[in-house]
Visitor: 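So that we are looking at the same thing, I have put the structure below in structure tokens.
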Amino acid sequence: MHTSLALLLELGLILVALSALGTAARRFGLPAIPLYLVAGLALGEGGIAPAPAAGGFVEAGASIGVVLLLLTLGLEFSTAEFTHSLRRHVPSAALDLLLGAGPGAVAGWLLGLDAVGVLALAGATWVSSSGVIARLLGDLRRLGNRETPAVLAVLVMEDFAMAVYLPVLAVLVAGGTWWQAALGVLVAVTAVAGAFLVAHRFGRHVNRWLAHPDAEQLMLRVLGVTLVVAALAEFANVSAAVGAFLVGLTLTGEAAERTRRVLSPLRDLFAAAFFLAIGFAVSPAELLPGLPVALALAAVGAAGKVATGWYAARRDGSARRGRLRAGTALIARGEFSVVISGLVGATHPGLGPLITAYVLVLATSGPLITRWLGAPAGSTTAAPR
């Protein structure tokens with residue numbers, strides 16, 4: 001079997017560089033995510049040190065990374081408690097839609113975009129990044145915090161909403177008919193409802209089969225089932241992240257704890273690929289024309305997410321510090337906005353760079369804002385990892 005020398009060399013150098021960046025981040029008490037995103041810009045197309053041979057691995061690894069991040073996030077909760085949280089946070093989701101999509105829609109109208117462009121920009125400014133936020137909550141040791149279920153409820157309802165939004169946007173961009181869009185929505189909603197029903201009614205049977213005493217068998221079974229469910233979710237126009245999250249919800253007790261231990265190294269490796277990939281395929285020069293508008297939208301979008309998280313955490317009875325942590329945690333944008341950018345890139349050439357610049361600004365600044373504004377009073381360093 002022939003192995004590419006360039007691939008091995010580039011991947012090796014990338015991993016060493018990420019290790020150095022992660023060490024520097026821990027040294028100064030910062031999240032490593034912004035540094036990984038900047039590294040992706042430097043190593044990607046048009047960067048100062050492009051690594052083209054590693055591009056395929058980074059792209060594939062990114063897809064696995066977001067799946068593993070949401071799987072391990074789902075391991076922290078049960079289906080019953082999370083379903084209860086979702087019902088309680090329907091008003092939070094409504095506020096999130098208003099404050100998240102509203103600025104994008106207004107900006108699209110002011111920029112003179114057509115209806116499809118306005119819809120695309122509204123979606124891109126609305127949806128937070130489940131992958132970035134999942135890693136951030138873990139890095140900052142906040143998975144057990146009182147406000148975290150509120151944050152997750154908002155994120156998952158956004159992901160569910162994407163099951164309706166993305167099929168409609170894809171059909172409109174392609175010039176399809178209303179019945180094609182309706183069919184896509186019906187398939188996606190049916191898939192989500194079916195997955196939740198299986199997780200809730202038959203979760204204990206799935207948990208018993210997956211919970212093998214041998215660590216290797218546990219890893220192979222959980223990872224294999226998660227990837228299959230994620231693929232089926234994507235096929236039904238539902239986010240792969242939602243499928244992975246539901247698999248995590250079905251694992252409880254000792255099985256969940258053992259799965260976390262077994263999959264943690266894989267999650268960290270592929271999560272790094274996910275953060276790299278956000279900036280990897282972007283040419284920094286293409287971002288400059290839309291940067292002023294992106295910065296203005298980012299400021300409004302960050303304020304809207306803080307308000308949403310504050311309201312959601314207040315509904316759960318969190319104190320002021322917890323409400324602020326919840327709001328700042330929702331700031332980062334990521335994978336869904338990048339997907340939207342890809343959908344409309346050919347028909348709206350100026351919109352793709354604007355959305356990408358917006359994503360990079362908030363994916364980079366969001367974790368830093370979360371770390372600084374959400375830290376306990378008097379704290380100067382992040383929890384070590």
Visitor: When clusters are formed from ILVMFWY side-chain contacts under 4.5 Å, directly or step by step, what else is grouped with Leu110?
Guide: Val106, Trp109
Visitor: Which pairs count as salt bridge (charged side-chain N to carboxylate O under 4.0 Å, His left out) when at least one residue sits in residues 210-229, sequence neighbours excluded?
Guide: none
Visitor: Hey, what do you get for CG (Leu143) to OG1 (Thr148), rounding to the nearest 0.5 Å?
Guide: 6.0 Å
Visitor: Apply ring pair (Phe, Tyr, Trp, His ring centres under 6.0 Å) to Phe245 and list each qualifying residue two or more places apart in sequence or on a separate chain.
Guide: Phe82
Visitor: If I compare all heavy atoms of Ser337 with all of Ile355, which pair ends up nearest, and what's the gap?
Guide: O-CG2, 3.4 Å
Visitor: Could you list all the ring pair (Phe, Tyr, Trp, His ring centres under 6.0 Å) pairs where at least one residue sits in residues 300-341, not counting sequence neighbours?
Guide: none
Visitor: List in chain and number order the residues that pass side-chain hydrogen bond (donor to acceptor under 3.5 Å, both in side chains) with Glu335, two or more places apart in sequence or in another chain; answer none if no residue qualifies.
Guide: Ser129
Visitor: Can you list everything that forms a side-chain hydrogen bond (donor to acceptor under 3.5 Å, both in side chains) with Glu257? Sequence neighbours excluded, please.
Guide: Arg260
Visitor: State, yes or no, whether a side-chain contact exists between Leu73 and Leu69 at a heavy-atom distance under 4.5 Å.
Guide: no
Visitor: Can you check whether Leu137 reaches Leu152 side chain to side chain, under 4.5 Å on heavy atoms?
Guide: yes
Visitor: Quick check on Gln217: does its CD atom have over 12 non-hydrogen neighbours (other residues, nucleotides or ligands) under 6.0 Å away?
Guide: yes
Visitor: Quick one: are Ser128 and Ile331 in side-chain contact, heavy atoms under 4.5 Å?
Guide: no
Visitor: Can you find a pair of side-chain heavy atoms, one from Glu10 and one from Pro52, that are under 4.5 Å apart?
Guide: yes
Visitor: Using modelled atom types and a 3.5 Å cut-off, is there a donor and acceptor pairing between side-chain atoms of Arg135 and backbone atoms of Val66?
Guide: no
Visitor: Applying side-chain hydrogen bond (donor to acceptor under 3.5 Å, both in side chains), name anything that partners Ser341, two or more places apart in sequence or on another chain.
Guide: none
Visitor: Filter on salt bridge (charged side-chain N to carboxylate O under 4.0 Å, His left out), then keep only pairs touching residues 295-306, sequence neighbours left out; what's left?
Guide: Asp96-Lys305, Glu158-Lys305
Visitor: Please assess Ile340 against Leu121 for the test side chain to side chain contact (heavy atoms under 4.5 Å, CB included), listing each intermediate value before the final yes or no.
Guide: CA-CA 8 Å; Ile340 293 168; Leu121 190 55; over 6 Å; no
Visitor: To the closest 0.5 Å, what do you measure between CG (Leu251) and OG1 (Thr72)?
Guide: 11.5 Å
Visitor: Linking directly or through intermediates, with side-chain heavy atoms under 4.5 Å: list the remaining ILVMFWY members grouped with Leu9, chain and number order.
Guide: Leu13
Visitor: Can you name the residues that form a salt bridge (Lys or Arg N to Asp or Glu O under 4.0 Å) with Arg88, not counting sequence neighbours?
Guide: Asp316
Visitor: Can you tell me how far apart CG (Leu330) and CG (Leu155) are? Round to the nearest 0.5 Å.
Guide: 5.5 Å
Visitor: Counting only N and O atoms by type, is there a donor-acceptor contact under 3.5 Å from the side chain of Ser318 to the main-chain atoms of Arg314?
Guide: no
Visitor: Out of Arg323, Arg325, Arg142, which residue meets the side chain to side chain donor-acceptor pair (under 3.5 Å) rule with Glu147?
Guide: Arg325
Visitor: How long is the gap from CZ on Phe275 to CD1 on Ile33, to the nearest 0.5 Å?
Guide: 4.0 Å
Visitor: If you round to the nearest 0.5 Å, how far is CD1 of Ile133 from OG1 of Thr370?
Guide: 7.5 Å
Visitor: Please list, one pair per line, the donor and acceptor atoms closer than 3.5 Å that link side chains of residues 222-230 to other protein atoms, with sequence neighbours excluded.
Guide:
unit_1 : atom_1 : unit_2 : atom_2 : d
Thr226 : OG1    : Val222 : O      : 2.6

Visitor: Which distance, rounded to the nearest 0.5 Å, do you find between the OG1 of Thr308 and the CG of Leu98?
Guide: 8.5 Å
Visitor: Just distance, no hydrogens or angles: give the donor-acceptor pairs under 3.5 Å from side chains in residues 159-176, sequence neighbours left out.
Guide:
unit_1 : atom_1 : unit_2 : atom_2 : d
Asp159 : OD1    : Ser130 : OG     : 3.4
Asp159 : OD2    : Ser130 : OG     : 3.0
Tyr165 : OH     : Leu119 : O      : 2.7

